Peer 1: 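This structure is in structure tokens; I'll ask about it shortly.
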Amino acid sequence: MDQIFPGANVVVGVMLLIVGFGFHFVGQLISVVDWDRATRWGLQEEGAPPDSRAYEHGIAVADVLVAWTYGIAGVGLVADASWGYLWAWIPGAVLTYHALGFWFWTAEQRKRGVQISTTKQPFRIAWTVANLTTGVLTLLVANSQMSVG
């Protein structure tokens with residue numbers, strides 16, 4: 001099948017390396033290793049409600065356990081390797097899920113009156129759009145290489 005646009009594999013591969021591997025894997029790895037430093041650097045929320053800390057830490061651990069695959073998929077897509085398209089299904093699905101989960105989780109936090117940077121605009125919109133766009137484009141690129149028959 002044809003690419004969704006010329007060079008889509010390279011564009012999406014770079015997006016995966018930045019949004020997926022850079023922000024999710026590296027950023028969350030720093031958080032898992034040293035939460036206080038991650039908070040000082042702005043990778044985690046300062047002043048977040050105590051009940052959300054366990055959730056945030058769990059998400060950080062989950063991101064570290066999964067997001068290493070984003071780098072593999074990103075490199076594979078940039079190289080136009082057939083295995084890169086197969087790997088791309090993982091970050092495509094997870095980043096799409098992550099974007100939607102983040103949007104609805106922050107909506108609930110806003111409803112509860114929580115005012116931290118992730119619940120405020122424009123960050124909330126930008127982070128959702130970055131993850132959703134990367135996830136959906138990754139799925140479209142992965143799907144573009146599916147053989148029929």
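Numbering of residues begins at 1 and proceeds along the displayed sequence. These figures come from a predicted structure and were not determined experimentally.
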Peer 1: In terms of hydrophobic clustering (I, L, V, M, F, W, Y; side-chain heavy atoms under 4.5 Å; direct or indirect links), are Leu65 and Ile72 co-clustered?
Peer 2: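 Leu65 and Ile72: one cluster.
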
Peer 1: Restricting to side chain to side chain contact (heavy atoms under 4.5 Å, CB included), what partner residues turn up for Leu43, sequence neighbours left out?
Peer 2: Ile30, Ser31, Ala38, Trp41

Peer 1: If the condition is ring-ring contact (aromatic ring centres under 6.0 Å, His included), which residues does Trp68 pass it with, not counting sequence neighbours?
Peer 2: Trp87

Peer 1: Identify every side-chain donor-acceptor pair in residues 13-22 under 3.5 Å, counting partners at least two apart or on other chains, and give the distances.
Peer 2:
none

Peer 1: How about Phe23: does its CZ atom have over 12 heavy atoms from other parts shown lying under 6.0 Å from it?
Peer 2: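 12 or below, so no.
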
Peer 1: Thr118: which residues meet the side chain to side chain donor-acceptor pair (under 3.5 Å) condition with it, sequence neighbours left out?
Peer 2: Glu45

Peer 1: Among all residues two or more places apart in sequence or in another chain, which pass the side chain to side chain contact (heavy atoms under 4.5 Å, CB included) test with Ile4?
Peer 2: Ala8, Leu137, Leu140, Val141

Peer 1: What distance separates Thr138 OG1 from Ile90 CD1, expressed to the nearest 0.5 Å?
Peer 2: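 Rounded to the nearest 0.5 Å, the OG1-CD1 separation comes to 12.0 Å.
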
Peer 1: Taking all non-hydrogen atoms of both residues into account, name the closest pair between Arg110 and Lys120 and its distance.
Peer 2: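 Closest approach of Arg110 to Lys120, heavy atoms only: NH1-CA, 4.1 Å.
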
Peer 1: Run the side chain to side chain contact (heavy atoms under 4.5 Å, CB included) test against Ala99 and tell me which residues pass, sequence neighbours left out.
Peer 2: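 So Ala99 forms a side chain to side chain contact (heavy atoms under 4.5 Å, CB included) with Thr128, Asn131, Leu132.
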
Peer 1: List the atom of Leu77, the atom of Asn9, and the distance in Å for their closest heavy-atom pair.
Peer 2: O-ND2, 2.8 Å

Peer 1: Apply ring-ring contact (aromatic ring centres under 6.0 Å, His included) to Tyr97 and list each qualifying residue two or more places apart in sequence or on a separate chain.
Peer 2: none

Peer 1: Mind jotting down which residue pairs meet the salt bridge (charged side-chain N to carboxylate O under 4.0 Å, His left out) criterion with at least one end in residues 75-100? Sequence neighbours excluded, please.
Peer 2: none

Peer 1: Take Ile125 and Trp103 through the side-chain contact (heavy atoms from CB on, under 4.5 Å) test and state the conclusion after the steps.
Peer 2: CA-CA 8 Å; Ile125 292 171; Trp103 182 260; 4.0 Å; yes

Peer 1: Closest heavy-atom contact between Thr119 and Val114?
Peer 2: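 Heavy-atom minimum between the residues: OG1-O, 3.1 Å.
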
Peer 1: According to a 4.5 Å side-chain heavy-atom criterion applied to Ile, Leu, Val, Met, Phe, Trp and Tyr, with indirect links allowed, do Leu86 and Tyr70 form part of one hydrophobic cluster?
Peer 2: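 Leu86 does not cluster with Tyr70.
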
Peer 1: With clusters defined by side-chain heavy atoms of hydrophobic residues (ILVMFWY) lying less than 4.5 Å apart, directly or transitively, does Leu95 cluster with Val136?
Peer 2: yes

Peer 1: Can you tell whether the side chains of Glu108 and Lys111 come within less than 4.0 Å, N to carboxylate O?
Peer 2: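 The answer is yes: the pair qualifies as a salt bridge.
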
Peer 1: Minimum heavy-atom separation for Ser117 and Phe123, please, with both atom names.
Peer 2: O-CB, 3.6 Å

Peer 1: Using the side chain to side chain donor-acceptor pair (under 3.5 Å) criterion, which residues pair with Thr106? Sequence neighbours excluded.
Peer 2: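 Counting only residues at least two positions away or on another chain, Thr106 forms a side chain to side chain donor-acceptor pair (under 3.5 Å) with Arg124.
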
Peer 1: Can you list every pair that meets salt bridge (charged side-chain N to carboxylate O under 4.0 Å, His left out) and has a residue in residues 14-39, with sequence neighbours left out?
Peer 2: Asp34-Arg37

Peer 1: Holding to ring-ring contact (aromatic ring centres under 6.0 Å, His included), I want the full list of residues that pass it with Trp105, two or more places apart in sequence or in another chain.
Peer 2: Tyr55

Peer 1: Answer yes or no: is there a side-chain heavy-atom contact under 4.5 Å between Ile116 and Gln109?
Peer 2: no

Peer 1: What pairs with Val33 under side chain to side chain contact (heavy atoms under 4.5 Å, CB included), at least two apart in sequence or on another chain?
Peer 2: Leu29

Peer 1: Are Val64 and Phe102 connected, step by step, through hydrophobic side chains (Ile, Leu, Val, Met, Phe, Trp, Tyr) whose heavy atoms are closer than 4.5 Å?
Peer 2: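 No, Val64 and Phe102 fall in different hydrophobic clusters.
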
Peer 1: A quick test of your reading: do over 12 heavy atoms of other residues, nucleotides or ligands sit less than 6.0 Å from CD of Glu46?
Peer 2: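 No - once you tally the heavy atoms of other residues, nucleotides and ligands closer than 6.0 Å, there are 12 at most.
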
Peer 1: Could you walk me through whether Gln28 and Glu56 satisfy the side-chain hydrogen bond (donor to acceptor under 3.5 Å, both in side chains) test, starting with their C-alpha distance in whole Å, then the side-chain angles of each, then the deciding distance to 0.1 Å, before giving a yes or no?
Peer 2: CA-CA 10 Å; Gln28 296 290 46; Glu56 290 293 336; 5.6 Å; no

Peer 1: Report the C-alpha distance between Phe25 and Asp63 in whole Å, list the side-chain angles of each, state the deciding distance to 0.1 Å, and finish with yes or no for side-chain contact (heavy atoms from CB on, under 4.5 Å).
Peer 2: CA-CA 6 Å; Phe25 181 74; Asp63 272 352; over 6 Å; no

